[in-house]
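Take a look at the structure below.
For ligands, and for the atoms within them, numbers begin at 1 and follow the listed sequence.
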Amino acid sequence: MVDRIADPWGERTPYGPGQEWPVRVDGYLADGRTEADVERWVQSASVLHSNGDALDIAVADGRIVGVRGRAVDRVNRGRVDPKDLYGWQANHSPDRLTRPLVRDGDRLVETDWDTAMGRVVARSKELLDGPGGWGHFGFHTSGQLFLEEYYTLGVIGKAGLGTPHMDGNTRLCTATAAAAMKASFGTDGQPGSYTDVDHCDAIALWGHNVAETQTVLWMRMLDRRSGPNPPAMLAVDPRATPVAREADLHLAVRNGTNMALLNGLLREIVQRGWYDSDYVEAHTVGFAELCRIVDGYPARRVADICDVPAADVERAAELLGTSQRLLSTVLQGFYQSNQATAAACAVNNLHLIRGMIGRPGAGIYQMNGQPTAQNTRETGADGDLPGLRNWDNTAHIEELARLWNVDVDTIPHWAPPTHAMQVFRYAEQGSIKLLWISATNPAVSLPELRRIRRILARPELFVVVQDLFLTETAELADVVLPAATWGEKTGTFTSVDRTVHLSDKAVDPPGEARADLDIFLDYARRMDFRDRDGQPLIRWSRPEEVFEAWKECSRGRPCDYTGITYEKLRGDSGIQWPCTDEHPDGTERLYTDGVFNTDPDYCETYGHDLSTGAEFTEPEYRAKEPRGRAFLHTVDYQPSPEVPDDEHPLLLTTGRTVYQFHTRTKTGRAPQLDQAAPDVWVEFNPADAARLGIAEGDLVGVSSARGAIQARARLCGIRPGVVFVPFHYGYFDQDPADRTPRAANELTITGWDPVSKQPIFKVAAVAVTKLADGRGVPSPAPTVGGSAPPADATCRRPSADRPPRPPA
Ligand SMILES: Nc1nc2c(c(=O)[nH]1)N[C@H]1C(S)=C(S)[C@@H](COP(=O)(O)OP(=O)(O)OC[C@H]3O[C@@H](n4cnc5c(=O)[nH]c(N)nc54)[C@H](O)[C@@H]3O)O[C@H]1N2
Ligand SMILES: Nc1nc2c(c(=O)[nH]1)N[C@H]1C(S)=C(S)[C@@H](COP(=O)(O)OP(=O)(O)OC[C@H]3O[C@@H](n4cnc5c(=O)[nH]c(N)nc54)[C@H](O)[C@@H]3O)O[C@H]1N2
Ligand SMILES: [Mo]
C-alpha cells in the first residue's frame, strides 16, 4: 500500500504520445477492511476539486467505509486524489448538524423543520409583499451542490422571486474562466479534453499548482513526462511548487504581473513568425490591435515588470512558439490575480494565433476549481442565465419565459446579474435584507473578513445558512438548515473537460439532515410559486425529474445535455457535453472546425472593454461582424490596485496545500489529512527571512491595512519579496477561548477584476514582525508541495501514520 500522504501522486505508469493512459486503480478502506467486507459499491465522482475523478463509494453496515477509483472512466482511469481517499470520513463526523437551528437572542437553538422553514418563509413573504419586493433577496450559493439543485435554485430565484441578486463562491473561483471563454469564444465551455495530455508536446501551466490541486491530472502529466517523447513544460508561478520544480522552465513572476508577461510572450511569438497567419485570417478578429499593443513589451521591459530574466522570457516564447501541440491550463494565479480576465484571454490569444485549438493535444483548460462550479454557471444559479444564455438578448429571455411559463418581465434581465461582491455590498448597505447562503463559508473565504463578519452580524439582515456543520458563517445565521451531502443524495455534475458524472446516494444522511434539493423544493412549495396559468412553478420532485427538465432548458445551447440520461451515466464512463441525438456519445473537443460561438444571436455576452469592464451594447457587438470568428482581446499591463510601500513592504499571495480543501470543513475532519497540515503557516524566501531575523518555526505577525494574523514561518522556495499564506484555516478547530486570527482573508483586499468581478486574493501588501522564537521546532507546513523546505532542512516528512507534530 502506497502511503498517499507521504506521496500524494503514487507510482508512475509511463506512456507515450497518442497512447492510452494506463489504468491504475487507487482505493482506501478504513479500519483495516478488505473488499470482501464491502456490501455495496455505489457509483460517484470526486467532490473535493474540479477534476471529476470517477470513484465508487464502499458501503458496509449502512455507512461509508471507503472509496475506489473507477478504471472505466475517461477522466481518471482509476486514480483517486488523496483528499478523496480520506475526506469522506467527515460525512460521519459526530459534529454534523442533525437538526435545524434558529436564533434566540445571541444563541442558536435546535428546532424542527416546520419552525425553521416557517421563519424563512414568513420573512420572505413579508419582504416580497412589501415595498422593494424581490430587491431584498440575495443568494450566495456554491460550486459544490449538484446540477439538479442549482437548476431548481435558479428557477426559484429567477422565475419565482425574480431577483437578479444570485451568485456564489463560484465568483471567487471560476468567474474568470467563464468571462474569458465568453470574451474569446462567445460562450462558456472548455474547448479541450483531458486526452489532450496524451497528445501534446508542450504543457504550459499559468498560475496553476495542478500537482496539489488536481493531483490526478498531474499524475497524467507526470506519466507523459516519464514516458517516451515527453512534453516540454513551462510553469508560471511565484512559488517553487511541485509544478515549478518539474518544469523545464519556471518563470517565478512577481505576483500581479501576468498581463505584462503574456504581452511580452505574444510579442516574441509574433516577431519570430511563430504564428499561423492562415488561422488568424480565417478564424479571428483583432490581430492588428493585438500586434500594436504587444509591441510595447520587449523582453527587457517584461523582465523589469515581472522580475524574471529577459532570457527566460525569450526561452519561454520559444518553447510555446515552436511546439506543435500546445496544452495550456489556467487557474487561480491568473483568475485571482491582477487583470484576471485580460490575462486569461491572453492565453486564449496565444492559442488562437498559433491555431492551437480544436485538435488533439492543442487544448486550453480555463480550469474550474470546485467540483460542480461548471453547473452553477450552466444552470444560472450564479445569476447567469441558464443554458449559457445572454441576459441582454431578449430572444433568450423569451425562450426561458416559454419554458417556465412565466411573464418575460418576471425574469430579471434589465441589468447584468448582481455579482457576489455586490450582493454583500447591498447587504452591507441594507437593501438586501434576506441572504441565503448554501454550501459555502464566506466568513472564511471572502476577502477582508472583519468586514464580512460585520455584514453577516447586522441585526437587520436575515441570514439563512444551509450546511453540514456549524461553520464560522453558520454561527452568525438567523436560521441554520442541516444539509445532506455527497454520498447521501443523488445528482449529476460536470468536470473541467465537460464530462458529466452521476453521483448516487449511498447512505442516509444523519438525523433530520435533508438533501439541498429537498430544502429548495420545500421552500418553493411553502412560498407557493405559480406559473402564468396558476399551476405550480416547479413540477418536479426527484433528482432525475429535474435532470430531464434541465435537458429541455439546455436544448440547442452549447451545453446540450439532451442525449444524456441517468441510465447512460450508470456503469460506464462519464460523458462529455454537448451530447445529442446526433452525437450520442458526447463531444470530445469544441471548435474543431474553427467556428466559434460568437454569432450575435447565439453568444452569451455582447462583451466588455477588458481594461475598464464597460459593457458593450448589441449594436456595438454586431458592428464587429464576428461571423463565427474568435476575438483576440488585448490590453496593456496596469499595476495591481495594491502594491508594497514603506509601511507594508512585502507582497502577500494566498492559496492551497494538497492536503486541505478550502475552509477544511471536510478535510479538517479526516484525521490523515488534518494531521498532514494541521495549522496555518507563512512562507518566506530564506533571504527575506534572514534580513528580517526570522527562522523556520518562528511565530510571526502578518498585517495589512485591513487586519492581522499570526502564523509559524516556513522557509522555502518562494520568490524574494513575497510571502504566502494558505487560506484554509478559520477557527472551527481552535479553542473558543483563544481565537487568535489565522485566516489569510483577514489580510486580503476588497477589490475585483473589472470584467469577471472575481476578487483579487493573490495580491496584497503586508508587513511582518517576529513575535516569538520557534526554538527549533519546524512550522506545521507540509514538507510536500509548494511549502517544501530546501533539501538540507531537517523538517520531518508527513505520512499517513506519522504526521508532523504541530509546534507546542
Ligand atoms: N488540495 C486542494 N485542491 C483543490 C482545492 C483545495 O482547496 N485544496 N480547491 C479546488 C478549487 S475550488 C480551486 S479554485 C483550485 C485552485 O487551484 P490552483 O489555482 O492551482 O491553487 P492556488 O493555490 O489557489 O493557486 C495556484 C498558484 O498561483 C500562484 N500565484 C499566486 N499569485 C500569482 C500571480 O500573480 N501570478 C501567477 N502566475 N501565479 C500566482 C500561487 O503561488 C499558487 O501556487 O483547486 C481545487 N483543488
Ligand atoms: N485568500 C483566499 N481566499 C480564497 C481563495 C484563495 O485562493 N485565497 N480561493 C477562493 C476559492 S477558489 C473558493 S472555491 C472559495 C471556497 O470557499 P468556501 O466555499 O467558503 O469553502 P468551503 O470550505 O468549500 O465551503 C463549503 C461549505 O459547504 C458545506 N458543504 C459541503 N457539501 C455540502 C452540501 O452538499 N450541501 C450543503 N448545504 N453544504 C455543503 C461545507 O461544510 C462548507 O461549509 O474560497 C475562495 N477564497
Ligand atoms: Mo475555487
Side-chain angles (χ1 to χ4, degrees), residues 8 47-51 81-83 90 141-146 149 168-174 205-215 235-239 241 243-244 251-258 261 329-338 343 367-371 373 437-447 465-469 471-474 481-486 488-489 515-516 519 640 651-667 718-719 722 724-728 730 743-745 747-748 758-759 761-764 785-786:
V47 282
L48 296 172
H49 50 83
S50 58
N51 213 49
D81 171 279
K83 293 193 305 310
T141 190
S142 183
Q144 298 172 44
L145 300 180
F146 292 152
E149 296 170 330
N169 65 8
T170 47
R171 184 66 55 183
L172 325 178
C173 183
T174 59
L205 299 124
W206 307 97
H208 184 193
N209 184 8
V210 58
E212 297 195 62
T213 58
Q214 277 89 9
T215 56
V236 181
D237 194 306
R239 300 163 62 227
T241 61
V243 176
L251 297 175
V253 293
R254 181 184 275 139
N255 37 325
T257 64
N258 297 321
L261 176 69
T329 81
V330 192
L331 199 45
Q332 299 310 357
F334 273 50
Y335 298 169
Q336 294 173 342
S337 192
N338 184 34
M367 293 292 296
N368 296 334
Q370 292 174 89
I437 298 168
S438 46
T440 180
N441 189 8
V444 182
S445 59
L446 277 176
V465 171
Q466 190 167 313
D467 205 294
L468 320 180
F469 299 104
T471 60
E472 291 84 347
T473 305
L481 304 174
T485 189
W486 173 91
E488 301 162 353
K489 59 183 185 179
D516 296 275
I519 299 174
S640 303
L651 267 172
L652 168 77
T653 197
T654 64
R656 295 164 164 78
T657 167
V658 67
Y659 303 110
Q660 302 299 342
F661 183 67
H662 297 171
T663 72
R664 299 208 312 140
T665 65
K666 288 189 173 174
T667 53
I718 192 167
R719 61 163 289 128
V722 179
F724 170 92
V725 179
F727 85 102
H728 304 298
N745 281 323
L747 308 168
T748 45
Q758 184 158 349
F761 289 114
K762 295 288 194 254
V763 200

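If you check which protein heavy atom lies closest to atom 4 (C) of ligand 1, you get T213 O, 3.6 Å. The nearest heavy-atom contact from the protein to atom 1 (N) of ligand 2 is N745 OD1, 2.7 Å. Nearest protein heavy-atom contact of atom 19 (O) of ligand 1 is Q332 N, 2.9 Å. Looking from atom 10 (C) of ligand 1 to the surrounding protein, the closest heavy atom is G369 O, 3.4 Å. The protein heavy atom nearest to atom 9 (N) of ligand 1 is R656 NE, 3.0 Å. The protein non-hydrogen atom at the shortest distance from atom 29 (C) of ligand 1 is D237 OD2, 3.3 Å. In terms of protein heavy-atom proximity, atom 16 (C) of ligand 1 is closest to L331 CD2, 3.4 Å. Nearest protein neighbour of atom 34 (C) of ligand 1, counting heavy atoms only, is G333 O, 3.1 Å.
Listed by number with element, the atoms of ligand 1 under 4.0 Å from a non-hydrogen atom of T657 are 1 (N), 2 (C), 8 (N).
Under 4.0 Å from ligand 2, the heavy atoms of T665 that appear belong solely to its side chain. Counting heavy atoms closer than 4.0 Å to ligand 2, residue S438 contributes nothing at all. Here T471 has side-chain heavy atoms under 4.0 Å from ligand 2, and that is the only part of it that gets that close.
The heavy atom nearest to atom 5 (C) of ligand 2, considering only Q336, K762, H728, Q660, is found in Q336.
Aromatic ring pairs are classed by plane angle as parallel below 30°, tilted from 30° to 60° and perpendicular above 60°; the pair W206 and F334 is perpendicular.
The distance criterion of under 3.5 Å between nitrogen or oxygen atoms is met by H662 with respect to ligand 1.
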